[in-house]
Amino acid sequence: MAPLRKLTLLFNSNSAELTAGHRGQLQGALGELRRAERLIISGRTDDQGSERLNQALAVSRALAIRRELLSLAPDLPARIEIDARGRCCYVAANKDEDGRARNRRVELVYTPSTAPS
């Protein structure tokens, strides 16, 4: 079985807006993502704000990435799953801006295909 790969896209505070940087990252990974057997888009937030706000923001971030991927490669939908959880699954402490910035993210976790291209 092929190892899992992960692409992380960081977001500004209280934002689900895609940047040119996000689009470039997705475009750069598109060849491998097209061949992925499974793709999970995980929306995450920092711990600032209410649980309800953060959950909505996590979902919005994940959906924004999915929309962009589908605009680039409409053949992906059968393999895409969404896992959005606000105020969860931190990769850094939320005690300072640097840590919070690392937690405001979407992770694309995927298994590359082992089939020949």
Side-chain angles (χ1 to χ4, degrees):
M1 180 179 206
L4 289 178
R5 298 263 177 95
K6 180 167 58 171
L7 175 64
T8 302
L9 301 105
L10 300 178
F11 282 78
N12 291 322
S13 183
N14 292 317
S15 176
E17 186 174 330
L18 295 184
T19 65
H22 292 137
R23 289 182 174 89
Q25 284 180 277
L26 293 172
Q27 188 71 40
L30 195 56
E32 195 167 64
L33 292 172
R34 273 196 161 112
R35 294 185 305 276
E37 295 174 4
R38 182 175 178 208
L39 173 60
I40 301 169
I41 302 173
S42 300
R44 302 290 185 249
T45 68
D46 59 26
D47 70 346
Q48 304 297 294
S50 71
E51 191 168 326
R52 183 177 177 180
L53 172 73
N54 278 287
Q55 181 61 31
L57 190 54
V59 169
S60 293
R61 288 174 176 164
L63 292 176
I65 296 296
R66 183 179 72 177
R67 274 191 304 275
E68 182 67 16
L69 281 175
L70 292 177
S71 75
L72 295 170
D75 54 324
L76 289 176
R79 298 184 304 255
I80 294 177
E81 298 173 41
I82 299 287
D83 170 34
R85 288 186 268 168
R87 296 185 68 157
C88 163
C89 317
Y90 304 124
V91 294
N94 283 293
K95 66 182 179 188
D96 59 27
E97 179 53 31
D98 182 59
R100 289 189 295 273
R102 291 178 53 209
N103 289 324
R104 294 188 299 260
R105 70 197 189 281
V106 167
E107 295 175 340
L108 281 78
V109 179
Y110 58 98
T111 307
S113 174
T114 55
S117 330

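Just so it is clear, the values below take in all heavy atoms, side chains as well, and ignore hydrogens, waters and symmetry mates.
Side-chain atoms of Ser60 come within 3.5 Å of backbone N or O of Ala56 as a donor-acceptor pair. Side-chain N or O atoms of Asn94 include none that pairs as donor or acceptor with a backbone N or O of Gly99 at under 3.5 Å. Distance alone, capped at 3.5 Å, places no donor-acceptor pair between the Asp46 side chain and the Asn103 backbone.
Arg38 is linked by a side chain to side chain donor-acceptor pair (under 3.5 Å) to Glu81, counting only residues two or more places apart in sequence or in another chain. A search for salt bridge (Lys or Arg N to Asp or Glu O under 4.0 Å) contacts involving Arg67 returns nothing, not counting sequence neighbours. Partners of Arg87 by side chain to side chain donor-acceptor pair (under 3.5 Å), not counting sequence neighbours: none found. Shown here are the salt bridge (Lys or Arg N to Asp or Glu O under 4.0 Å) partners of Arg102, two or more places apart in sequence or in another chain: there are none. Residues passing the salt bridge (Lys or Arg N to Asp or Glu O under 4.0 Å) test with Asp83, sequence neighbours excluded: Arg44, Arg85. Among residues two or more places apart in sequence or in another chain, the salt bridge (Lys or Arg N to Asp or Glu O under 4.0 Å) test is passed with Glu17 by none.
When all heavy atoms are compared, the tightest approach of Gln25 to Leu9 is OE1-CD2, 3.6 Å. Scanning both residues, Tyr110 and Leu39, for their nearest heavy atoms gives CB-CD1, 3.9 Å. In this structure, Ala29 and Leu7 approach most closely via the heavy-atom pair CB-CD2, 3.9 Å. Between Ala62 and Ala84, the closest heavy-atom pair is CB-CB, 4.4 Å. Contact detail for Arg61 and Asn12: the closest heavy-atom pair is NH2-O, 3.1 Å. Closest approach of Glu107 and Val91 over heavy atoms only: OE2-CG1, 4.1 Å.
Ion pairing of Glu97 with Arg100 is present here, as a side-chain N (NZ or NE/NH1/NH2) and a carboxylate O approach within less than 4.0 Å.
Placement of Ile65 and Leu72 within a single hydrophobic cluster is found when ILVMFWY residues are connected by side-chain heavy-atom separations under 4.5 Å, directly or transitively.
Surrounding CD of Glu51 are at most 12 heavy atoms belonging to other residues, nucleotides or ligands under 6.0 Å away.
Note that the CG atom of Leu53 and the CD atom of Gln48 stand 10.5 Å from one another [nearest 0.5 Å].
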